[in-house]
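Computation of the quantities below employed the complete heavy-atom set of this structure, encompassing side-chain atoms and omitting hydrogens, waters and symmetry-equivalent molecules. By convention in this document, chain letters (A, B, ...) are assigned in the order of the sequence lines, proteins followed by strands, and residues within each chain are numbered from 1. Owing to the predicted nature of the structure, the values given are computational and were not obtained by experimental measurement.
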Protein chains: 2
Amino acid sequence: MFQSYTIKDIAKALGLSTSTVSRALNGSYEIGTETKKLVLEYAEKINSRPNPIALSLKDQKSHSLGVVVAEVANTYFSQAINGIESIAYNRGYHVIITQTHESAAREAANVQHLLSRHVDGLLVSLSSEITDLSQYKYLHEKGFPIVFFDRAAPDIDTHKVIANNYKGAFEATELLINTGFTKIAHLTNSANLLISQDRLEGYKDALEKNNIAYNAQLVKHCNHGGMVHDEVEEAIKELVNLGEDRPDAIFVASDRLTTSCLATLKKLKLKVPKDIAVAGFTNSDVAELFDPPLTVVRQPAFQIGQIATEMLIKVIESKRPVTEFSTETLDTILIPRESSIKVK
Amino acid sequence: MFQSYTIKDIAKALGLSTSTVSRALNGSYEIGTETKKLVLEYAEKINSRPNPIALSLKDQKSHSLGVVVAEVANTYFSQAINGIESIAYNRGYHVIITQTHESAAREAANVQHLLSRHVDGLLVSLSSEITDLSQYKYLHEKGFPIVFFDRAAPDIDTHKVIANNYKGAFEATELLINTGFTKIAHLTNSANLLISQDRLEGYKDALEKNNIAYNAQLVKHCNHGGMVHDEVEEAIKELVNLGEDRPDAIFVASDRLTTSCLATLKKLKLKVPKDIAVAGFTNSDVAELFDPPLTVVRQPAFQIGQIATEMLIKVIESKRPVTEFSTETLDTILIPRESSIKVK
DNA sequence: ATGAAAGCGCTAACAC
DNA sequence: GTGTTAGCGCTTTCAT
């Protein structure tokens with residue numbers, strides 16, 4: 001069962017040469033029907049499977065995909081990985097997952113590690129800390145297949161799969177405005193990230209459309225995306241101490257940050273939505289159970305993972321070098337709940 | 001950078017044979033200091049890395065570990081995977097993750113898939129549906145390295161890493177009893193699973209110790225571990241319709257089931273803990289934010305993943321066949337919160 | 001229609 | 001101390 005047979009075994013058993021067996025197994029037309037049937041049946045009987053390692057060595061493809069994410073234990077990424085696995089598995093690829101924990105140094109090391117493992121391509125969601133994209137640029141220029149998902153590199157022209165962050169942010173902000181909030185803070189991830197920039201734009205434009213002046217004091221960046229608790233607490237304290245500019249609502253723009261924000265508000269004994277309303281990006285599937293139930297912007301993480309993987313495999317298996325790249329943008333889902341209602 | 005050099009390239013460049021280069025790279029003592037230095041420096045300069053695929057083919061080790069879990073997008077498993085990755089990465093192994101979605105058929109297919117990929121060993125957490133363990137038995141008897149974590153196979157004598165489920169359940173149940181609840185229901189996963197049996201035992205013994213009669217009507221099994229919502233709703237409806245036996249508290253014994261249970265209670269407009277108190281196993285890191293904050297039994301998932309991986313690699317790398325196996329049991333952490341307080 | 005042999009990158013037994 | 005060679009499992013020219 002686990003000690004698999006080789007074509008040599010089959011050849012010997014059947015009195016054939018290994019090449020004949022190989023060809024028969026691969027359905028080559030130049031093998032006699034008799035022989036082919038014989039080989040196929042015997043192979044089936046002993047349940048032989050080609051050794052993927054030998055195949056890899058032969059055709060210089062590892063049939064593995066490298067994945068770079070911030071954290072596996074994050075609702076968004078675990079769902080995306082689920083999508084990645086589902087496609088990869090069916091296409092005969094396996095997936096090597098690495099975590100950056102939002103560190104640029106680890107990210108660089110992970111990419112190196114994946115390359116040394118001879119992955120056929122890379123699925124990357126940038127760490128919040130990264131600024132130097134030369135590693136990716138170099139690889140991409142050399143024709144190495146890379147697909148970015150979620151957190152994409154702005155100035156590398158390759159395939160990308162992202163949520164419509166601008167729209168998601170716009171809608172969430174406008175929901176808060178339409179509910180009657182006027183001083184809306186924006187708590188977001190590192191400004192390095194394109195997703196942060198897009199979400200900030202959506203936020204700004206929603207304000208502008210509704211004739212609310214943009215106030216830079218109300219925008220706070222947490223460069224560790226909610227992983228460092230003090231950073232979040234600091235930001236929120238600054239916000240609530242703004243005196244007459246004190247926000248009546250917060251729009252949070254990152255998964256982990258959203259839950260960290262809630263935890264911090266709770267710690268500071270600020271009631272949501274009475275003292276301050278909250279709406280935020282998160283893919284948590286228990287947001288409904290929160291106190292209060294949380295208004296969320298949800299990303300189609302599973303599909304994003306699937307599409308990114310399909311794109312990557314397509315590039316990998318392309319006969320000729322790929323030079324045309326596209327960006328798939330998927331809509332987010334806004335789910336209004338009590339955390340963003342107006343309490344009189 | 002990604003187009004790596006081979007020892008042949010080095011040999012040619014330096015006017016040496018491939019074997020000399022190979023030996024130099026591996027620090028063989030029978031190579032002249034001069035030559036060794038020369039090779040090492042050159043290899044460093046061109047940043048050459050041994051091709052892991054060729055190594056795998058050579059010594060019949062893939063340096064990959066197969067993982068079988070129910071779902072990646074589950075707080076417990078994503079944390080465990082995090083632990084698995086952290087060890088595997090440092091030990092030069094990579095990890096292939098497969099998901100059963102609690103299906104026995106998928107589980108069997110996944111194991112086959114992993115074997116055909118020539119993984120060096122298996123890290124398995126059984127699906128709730130599985131009953132036939134012959135596949136694992138066969139492999140284990142053949143000497144194939146398998147370590148079970150969390151959901152272990154009762155009658156296979158191999159390494160296992162589990163939480164102290166009995167104690168965790170006992171403590172949670174006793175917490176409810178000490179708080180003043182007397183009719184405590186138990187909502188649990190498939191009875192197939194050893195973890196379910198252990199948790200049931202802990203529950204029963206806590207009742208017994210406190211002179212509360214065991215009532216079988218109060219125990220409900222959800223065979224899909226909370227993945228199938230109707231199953232949970234059905235069970236809860238039956239519980240609350242028990243008339244005078246209607247429970248005043250529920251102890252839930254599975255991660256997904258705990259959150260499903262809360263969602264169902266909410267849907268049925270039952271207030272926690274007023275109408276019914278709740279305590280449950282879960283590794284969610286946002287249980288504190290729930291309405292009400294949830295009393296949980298938390299498992300050291302990260303460490304469980306780490307220990308299981310260390311054990312597995314040890315077996316894989318053992319010179320002689322391993323015949324002595326151990327079971328590591330880690331304590332759970334009980335975190336009392338408002339969902340289990342008594343409201344008058 | 002089938003077989004012999006080379007080669008993918010690496011290691012190790014065997015020369016010298 | 002260093003080179004030659006075979007072999008891990010497979011595919012693929014090149015013969016026949």
Side-chain angles (χ1 to χ4, degrees), chain A residues 2-40 42-43 46-64 92 115-120 317 319, chain B residues 1-43 46-64 92 115-120 317 319:
Chain A
F2 79 89
Q3 212 322 95
S4 37
Y5 296 91
T6 70
I7 54 171
K8 210 166 160 183
D9 297 323
I10 302 180
K12 200 182 297 169
L14 266 36
L16 294 166
S17 76
T18 58
S19 33
T20 304
V21 174
S22 170
R23 279 185 277 239
L25 254 22
N26 291 301
S28 165
Y29 56 90
E30 47 183 358
I31 295 292
T33 332
E34 302 278 279
T35 323
K36 199 182 270 182
K37 202 175 145 212
L38 189 70
V39 173
L40 255 24
Y42 184 73
I46 64 172
N47 187 31
S48 92
R49 302 255 165 279
N51 183 330
I53 298 168
L55 283 176
S56 291
L57 184 60
K58 183 79 185 116
D59 53 54
Q60 307 285 37
K61 297 255 170 234
S62 63
H63 284 272
S64 61
L115 292 176
S116 78
R117 289 235 168 246
H118 288 244
V119 294
D120 296 337
E317 297 185 349
K319 300 292 177 207
Chain B
M1 197 186 225
F2 78 90
Q3 212 323 93
S4 39
Y5 296 90
T6 71
I7 54 172
K8 210 166 161 182
D9 297 324
I10 303 180
K12 200 182 297 170
L14 265 38
L16 295 165
S17 75
T18 58
S19 42
T20 304
V21 175
S22 169
R23 278 186 277 240
L25 254 22
N26 291 300
S28 165
Y29 57 90
E30 46 183 358
I31 294 293
T33 332
E34 300 279 282
T35 323
K36 200 182 271 182
K37 201 175 147 213
L38 190 69
V39 172
L40 256 24
E41 279 174 358
Y42 185 73
I46 63 172
N47 188 30
S48 93
R49 301 256 164 279
N51 183 330
I53 300 167
L55 283 175
S56 291
L57 183 60
K58 182 82 183 113
D59 53 53
Q60 307 285 37
K61 296 255 170 232
S62 64
H63 285 273
S64 61
L115 294 175
S116 79
R117 288 233 167 248
H118 288 241
V119 294
D120 297 336
E317 296 184 349
K319 301 290 178 208

Atom pair CG/NZ of Leu57(A) and Lys58(B) - distance to nearest 0.5 Å: 12.0 Å
Residues, nucleotides or ligands: over 12 heavy atoms within 6.0 Å of Tyr42(A) OH: yes
Lys8(B) NZ - dT5(D) P separation (whole Å): 14 Å
CD (Glu34(A)) with more than 12 external heavy atoms under 6.0 Å: no
Outermost DNA chain C nucleotides near chain A [under 4.0 Å, heavy atoms]: dA1(C) to dG9(C)
Sugar-phosphate only, base, or nothing, as touched by Thr6(B) at under 4.0 Å among non-hydrogen atoms: sugar-phosphate
Nucleic acid contacts - residues 24-32 of chain B versus DNA chain D, non-hydrogen atoms under 4.0 Å: Glu30(B), Ile31(B), Gly32(B)
Student check: side-chain heavy atoms of Thr35(A) and Thr20(A) closer than 4.5 Å: yes
Any Leu38(B) side-chain heavy atom under 4.5 Å of Leu14(B) side chain: yes
Rounded interatomic separation in angstrom, taking CG from Asn51(A) and P from dC8(D): 12 Å
Heavy-atom closest pair, residues Lys36(B) and Ala24(B): CG-O, 4.0 Å
Contact check, side chains of Pro52(B) and His118(A), non-hydrogen atoms, under 4.5 Å: yes
Rounded distance in Å - CG (Leu38(B)) to P (dG1(D)): 16 Å
Flag side-chain contact, heavy atom, 4.5 Å: Pro50(A) against Leu55(A): yes
Short side-chain N/O contact from Thr20(B) to OP1 or OP2 of dG3(D), under 4.0 Å: yes
hbond_proxy Ser19(B) side chain to dT5(D) base (donor-acceptor, 3.5 Å cutoff): no
Side-chain heavy-atom pair Ile46(A), Ile10(A) within 4.5 angstrom cut-off: yes
Contact under 4.0 Å: Ser22(A) side-chain N or O vs dT11(D) OP1/OP2: yes
Interatomic distance, Thr6(B) atom OG1 to Asn51(B) atom CG [nearest 0.5 angstrom]: 9.0 Å
Sorted by number, the residues of residues 54-62 of chain A with heavy-atom contact under 4.0 Å to DNA chain D: Ala54(A), Leu55(A), Lys58(A)
Position toward the 5' end of DNA chain D (nearest nucleotide), Leu16(B) or Arg49(A): Leu16(B)
Side chain Ser56(A), main chain Lys61(A), donor-acceptor under 3.5 Å: yes
